[in-house]
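A, B, ... follow the sequence lines: proteins, then strands. Residue 1 opens every chain. Both backbone and side-chain heavy atoms feed into the values below; hydrogens, waters and symmetry mates do not.
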Amino acid sequence: MSHWLIKSEPDVFSITDLEKVGREPWNGVRNYQARNYMWKDMKPGDLALFYHSNAKPPGVAGVAKVASEAYPDPSQFDEKSEYFDPKATQEKPRWWLVDFEYVGAFKELLPLDSLKNDEVLQEMIVCQRGSRLSITPVEKVHFTRVCKLAGWKP
DNA sequence: GCCAACGTTGGC
DNA sequence: GCCAACGTTGGC
């Protein structure tokens, strides 16, 4: 099983929103690297840290689970969507996504600051300066450590 | 195929 | 609101 970190702006879609809907297609990702992770590497059952970006403070808010195989992102075909991509066709979709399912919210948000100050988590991609990728792989030790710091049991 | 210009992300 | 980082676009 692989582990991941997925970013979302809580003003747009937060861990609480995911809890309410239970399951959400992760649409709108328009970065090839992030797409490739969903397309090729994610497997149903993989766990992901749900990260709140552009928040005060930013940090990990909870845990979600990959809940589907990859399939074409419908929003790329929708002319009215802000994610519409004129170069994508039904025959050759450009963007792929998976569904995520709610697993649990941390009791309190674990701030990015705490990750950066933790000895074990120095190498985490989200701790690196200028890290913008919205979906990143996470080492199992890092995943476990984050959960421990948050006082959360899988 | 290079690279300058431009746009976006996201922490601060 | 600023700006560093970095991905994308398009002219050549």
* Asked: Hey, does Gln33(A) have a side-chain heavy atom less than 4.5 Å from the side chain of Leu133(A)?
  -> yes
* For Lys7(A) and dG10(B), is the shortest distance between a side-chain N/O and OP1 or OP2 below 4.0 Å? -> yes
* Phosphate contact (dA4(C) OP1 or OP2) by Arg129(A) side-chain N/O below 4.0 Å -> no
* Euclidean distance, atom CG of residue Asp85(A) to atom P of dT8(C) [Å, nearest integer] -> 12 Å
* Taking CD from Gln33(A) and P from dC6(C), how many angstroms apart are they, rounded to a whole number? -> 11 Å
* **Integer-rounded Å distance: dT8(B) P and Leu133(A) CG** => 17 Å
* To do: Scan Trp39(A), Tyr37(A), Phe100(A), Tyr83(A) and name whichever one has a ring-ring contact (aromatic ring centres under 6.0 Å, His included) with Trp26(A).
  => Phe100(A)
* Asked: Whole Å only: how far is the CD atom of Gln128(A) from the C1' atom of dG10(B)?
  -> 15 Å
* At under 4.0 Å, does any side-chain N or O of Tyr51(A) touch on OP1 or OP2 of dG11(B)? -> yes
* **Between P of dT8(B) and CG of Asn31(A), the distance in whole Å** => 14 Å
* Asked: Any ion pair linking Asp118(A) and Arg145(A) (charged N to carboxylate O, less than 4.0 Å)?
  -> yes
* **Polar side chain donor-acceptor pair, Trp95(A) to Asp85(A), under 3.5 angstrom** => yes
* Take atom CZ of Arg30(A) and atom C1' of dG7(B), then tell me their distance rounded to the nearest Å. => 16 Å
* Asked: Lys116(A) side chain N/O closer than 4.0 Å to the phosphate oxygens (OP1, OP2) of dC12(B)?
  -> yes
* Structure fact -> Rounded to whole Å, the CZ-P distance (Arg132(A) to dA5(C)) equals 11 Å
* Between dC12(B) (C1') and Asn54(A) (CG): distance, integer Å -> 11 Å
